[in-house]
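For clarity, every value in this text was computed on a predicted model and none was experimentally measured.
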Amino acid sequence: MGAFLWVGVGGALGSMARHGVNVVVNRWVGATVPHATAIVNIVGCFVIGVLAGLVATGAWRISPAQRAFEIGRAHV
């Protein structure tokens, strides 16, 4: 049950971050261009890649619940 909670928390944080970037970018660029989605996707891919690299090399050890949190954020 704990993994489901972490996936939900990760998904919620990712959704809120995406909305926040959308609001900021749309005020700056305009509401008709999907720049915010591209920015969030590119930054998100970079962050997930760095975290996956750290975990894969053993430089950062995380619990199964923390892995579920990262998986939830990646699928937002």
Donor-acceptor contacts, no H, no angles, side chain residues 42-55, under 3.5 Å, sequence neighbours left out:
none

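Contacts of V24 classified as side chain to side chain contact (heavy atoms under 4.5 Å, CB included), with partners at least two apart in sequence or in another chain: none.
Transitive grouping of hydrophobic side chains (ILVMFWY, heavy atoms separated by less than 4.5 Å) brings L5 and L13 into a common cluster. In the hydrophobic clustering of ILVMFWY residues, with side-chain heavy atoms under 4.5 Å counting as a link, W28 and V23 come out apart.
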